[in-house]
Amino acid sequence: MTVGEGVNLQVLDKDEELAARLDAELTAFNQRATGAADEAALSVRVTDSDGELVAGLTGWSWGSCAGINMVWVRADRRGEGWGGRLLAAAEQEARRRGCTEISVASFSFQAPGFYRRHGYLDTGRREGIPGGHVDHQFWKSLVTDPAAAVRLVALVELPDGAIEAGQRYEDTVLALLPRHGGRLERRLRTGDGVAEVHVIRFDTRAGYAAFLADPERAALRATLGEAAPQTRVLEVQEA
């Protein structure tokens with residue numbers, strides 16, 4: 001299809017040359033943007049005495065992050081714990097490479113329960129998968145105990161006449177989360193800007209307590225006085 005002088009647009013089923021070029025271009029762009037140039041593949045293979053594949057895992061590492069792309073166990077060897085061994089091996093290698101976290105996605109007809117049992121926390125879901133299924137996203141810390149994590153939903157109300165000041169306060173306070181092992185998973189705002197909803201996770205309860213006691217946070221709140229946002233916090237877990 002011609003879309004301009006000397007320019008053609010093609011839609012193809014598969015274009016390996018294009019995939020390789022895009023991979024190279026985007027890898028270079030990502031490295032310039034992040035300063036992390038150590039992206040590498042990560043694979044775990046299990047074979048039997050005949051050299052036949054029993055189970056396998058493929059993934060990647062990049063900077064402090066690791067990810068799992070595919071996990072598979074042969075049908076006649078399922079139920080023997082190979083999936084858990086694959087995860088443990090990948091996590092150990094990720095730690096050796098200096099990674100502090102690992103992520104994975106799983107369709108609802110695959111193994112979301114398996115990842116939850118191994119300490120992976122739900123971070124999102126995508127509806128609309130064929131057959132009425134769901135794509136679940138998971139995350140796990142490689143340096144803290146996943147069972148110690150605390151997830152919160154903060155319902156924030158911004159005072160009339162001080163909405164912009166309240167939003168700037170939230171911008172600044174949320175930026176303090178990482179110093180206490182906290183992470184902002186979602187930030188939603190009403191159309192009129194008078195209320196926000198934050199989904200936040202802390203690696204530990206002690207980290208949450210340290211965030212609440214952070215002197216910089218306290219000073220910012222004291223500066224706003226009565227114009228400070230009013231927040232209700234709910235501790236939640238996956239249903």
Side-chain angles (χ1 to χ4, degrees), residues 14-47 53-73 81-107 110-112 114-126 135-151 171 174-187 199-204 206-207 210-211:
K14 189 174 184 179
D15 189 331
E16 294 183 357
E17 180 183 352
L18 176 64
R21 175 67 182 276
L22 295 184
D23 180 70
E25 294 288 355
L26 289 173
T27 295
F29 176 86
N30 294 343
Q31 290 176 356
R32 289 194 300 270
T34 64
D38 59 349
E39 184 177 355
L42 192 164
S43 301
V44 184
R45 175 190 290 264
V46 180
T47 54
L53 186 64
V54 170
L57 177 153
T58 62
W60 51 271
S61 64
W62 181 35
S64 63
C65 304
I68 296 170
N69 293 330
M70 295 184 288
V71 176
W72 176 84
V73 178
W82 290 112
R85 294 186 186 99
L86 291 172
L87 285 186
E91 291 167 9
Q92 182 177 354
E93 174 61 15
R95 291 188 189 93
R96 190 192 69 78
R97 298 183 185 187
C99 299
T100 60
E101 59 185 70
I102 189 167
S103 59
V104 66
S106 178
F107 293 132
Q110 291 178 325
F114 164 75
Y115 292 109
R116 293 186 184 110
R117 288 194 300 274
H118 285 84
Y120 286 73
L121 305 177
D122 292 77
T123 59
R125 52 187 286 147
R126 174 189 167 201
D135 187 14
H136 296 271
Q137 286 80 48
F138 297 97
W139 174 93
K140 181 179 181 179
S141 171
L142 296 175
V143 295
T144 61
D145 179 6
V150 179
R151 178 179 269 180
D171 291 342
L174 291 172
L176 302 178
L177 288 171
R179 72 169 60 164
H180 303 293
R183 174 183 300 235
L184 178 65
E185 293 185 347
R186 296 289 303 276
R187 183 179 182 180
V199 181
I200 300 170
R201 182 179 65 250
F202 287 93
D203 289 338
T204 64
F211 170 74

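The residues of the chain are indexed from 1 along the displayed sequence. This one's a predicted model, so the numbers in the text were calculated from it and none came from an experiment.
Expressed to the nearest 0.5 Å, how far CZ of R97 lies from SG of C65 amounts to 13.5 Å. Here the CZ atom belonging to R187 is positioned 9.5 Å from the CD1 atom belonging to I200, to the nearest 0.5 angstrom. The CG atom of L86 sits 11.0 Å away from atom CD of E91, with the distance rounded to the nearest 0.5 Å. Taken from CG in L142 to CD in E93, the straight-line distance is 11.5 Å, to the nearest 0.5 Å. Interatomic distance, OG1 of T204 versus NE2 of H180, reported as 11.0 Å (0.5 Å rounding). Rounding to the nearest 0.5 Å gives a distance of 11.0 Å between CZ of R45 and OG1 of T58.
Formation of a donor-acceptor pair under 3.5 Å by the S106 side chain with backbone atoms of A111 is found in this model. A donor-acceptor contact shorter than 3.5 Å is absent between the side chain of W139 and the backbone of E101. Under a 3.5 Å cut-off, the side chain of K140 and the backbone N or O of V104 do not form any donor-acceptor pair.
Between Y120 and Y115, the angle of the ring planes goes over 60°, which puts this pair in the perpendicular group of the 30/60° scheme.
Within the 4.5 Å cutoff, no side-chain heavy atoms of V46 are placed close to those of V73.
Nearest heavy-atom pair across V44 and A90 is CG2-N, 4.1 Å. Contact detail for L121 and P146: the closest heavy-atom pair is CD2-O, 4.4 Å. The heavy-atom pair separating G84 from H118 by the smallest distance is CA-NE2, 3.5 Å. Of all heavy-atom pairs between C99 and S61, the closest is SG-CB, 3.8 Å. Shortest non-hydrogen contact noted between A55 and W82 is CB-CB, 4.2 Å. In terms of heavy-atom proximity, T144 sits nearest to S141 at OG1-OG, 2.9 Å.
By the neighbour-count criterion of 12 heavy atoms within 6.0 Å, atom CD of Q92 is sparsely surrounded, having that number or fewer from other residues, nucleotides or ligands.
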Derivation of the side chain to side chain contact (heavy atoms under 4.5 Å, CB included) call for F138 and I102: CA-CA 8 Å; F138 297 97; I102 189 167; over 6 Å; no
Decide yes or no on side chain to side chain contact (heavy atoms under 4.5 Å, CB included) for L42 and W60, but give the supporting numbers first. CA-CA 5 Å; L42 192 164; W60 51 271; 5.7 Å; no
Candidate pair I68 and L87, rule side chain to side chain contact (heavy atoms under 4.5 Å, CB included), full reasoning: CA-CA 9 Å; I68 296 170; L87 285 186; 3.4 Å; yes
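Considering R151, Q137, R116 in turn, R116 is the only one that fulfils the side-chain hydrogen bond (donor to acceptor under 3.5 Å, both in side chains) rule with D122.
Within the structure, salt bridge (charged side-chain N to carboxylate O under 4.0 Å, His left out) pairs that include any residue of residues 18-34 comprise R21-E25 (at least two apart or interchain).
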